[in-house]
Amino acid sequence: MTIKIKDKAYTDEDIIKCLVTCEKVISKNAYLEKKWEHYQLFGIGDYSAAEQYKEIRIEWMGYREKLRALLLNSYSMKEIIQKTKACTDKATQKIVKEIISLIE
């Protein structure tokens with residue numbers, strides 16, 4: 001199935017690949033957030049080194065929800081998650097951000 005966003009067409013597979021990218025970015029930043037949670041950045045006060053990773057993780061979690069919403073007309077949330085886990089390809093972060101900017 002094709003999803004049209006502001007004169008651009010994307011297949012379900014394209015959106016799934018974007019979801020795979022989101023999962024990778026979220027996972028990586030969750031790991032880094034945990035790793036650096038006890039380190040403080042000098043000169044910034046109470047800002048821990050983990051905060052930057054948390055902000056990125058939360059941003060990408062928002063992207064993931066917007067992308068999933070595009071597929072909810074065709075699939076259940078369970079099917080979307082299964083398809084995302086089964087997909088071996090991923091989109092670039094640039095493509096994900098392009099699609100998100102078109103949605104907003």
Any side-chain heavy-atom pair from [X] and [Y] closer than 4.5 angstrom?
{"X": "L70", "Y": "L67", "result": "yes"}
{"X": "E59", "Y": "Y63", "result": "yes"}
{"X": "Q82", "Y": "K78", "result": "yes"}

inquiry  = Between T88 and V20, is the side chain to side chain contact (heavy atoms under 4.5 Å, CB included) condition met? List the steps.
reply    = CA-CA 8 Å; T88 55; V20 171; over 6 Å; no
Rounded to the nearest 0.5 Å, what separates atom [atom1] in [X] from atom [atom2] in [Y]?
{"X": "R64", "Y": "C18", "atom1": "CZ", "atom2": "SG", "value": "14.0 Å"}
{"X": "I15", "Y": "C87", "atom1": "CD1", "atom2": "SG", "value": "12.0 Å"}
{"X": "K83", "Y": "D12", "atom1": "NZ", "atom2": "CG", "value": "7.5 Å"}
{"X": "L32", "Y": "I56", "atom1": "CG", "atom2": "CD1", "value": "8.5 Å"}

Exam field: side chain S101 to backbone E98, donor-acceptor pair closer than 3.5 Å =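 Indeed, once roles are kept as given, a pair shorter than 3.5 Å links the two residues.
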Should the pair [X]-[Y] be classified as a salt bridge under the 4.0 Å nitrogen-to-oxygen rule?
{"X": "E23", "Y": "R68", "answer": "yes"}
{"X": "K54", "Y": "E51", "answer": "no"}
{"X": "K66", "Y": "E104", "answer": "yes"}

Which atoms form the tightest heavy-atom contact between [X] and [Y], and what is the distance?
{"X": "S74", "Y": "E79", "result": "O-OE1, 4.5 Å"}
{"X": "I16", "Y": "I80", "result": "CD1-O, 4.3 Å"}
{"X": "A50", "Y": "E37", "result": "CB-CA, 3.5 Å"}
{"X": "E33", "Y": "Y53", "result": "N-CB, 3.8 Å"}
{"X": "Q93", "Y": "T21", "result": "CG-CG2, 4.0 Å"}

ILVMFWY network linking M61 to I95, side-chain heavy atoms under 4.5 angstrom =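 Same cluster: M61 reaches I95 through Ile, Leu, Val, Met, Phe, Trp or Tyr contacts under 4.5 Å.
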key: Within one Ile-Leu-Val-Met-Phe-Trp-Tyr cluster: L19 and I58, side-chain cutoff 4.5 Å   =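 Per the 4.5 Å side-chain linkage, L19 and I58 are not co-clustered.
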ask   = Under the side chain to side chain contact (heavy atoms under 4.5 Å, CB included) criterion, do Y10 and L102 qualify, and how do the steps go?
value = CA-CA 12 Å; Y10 297 96; L102 291 173; 3.5 Å; yes
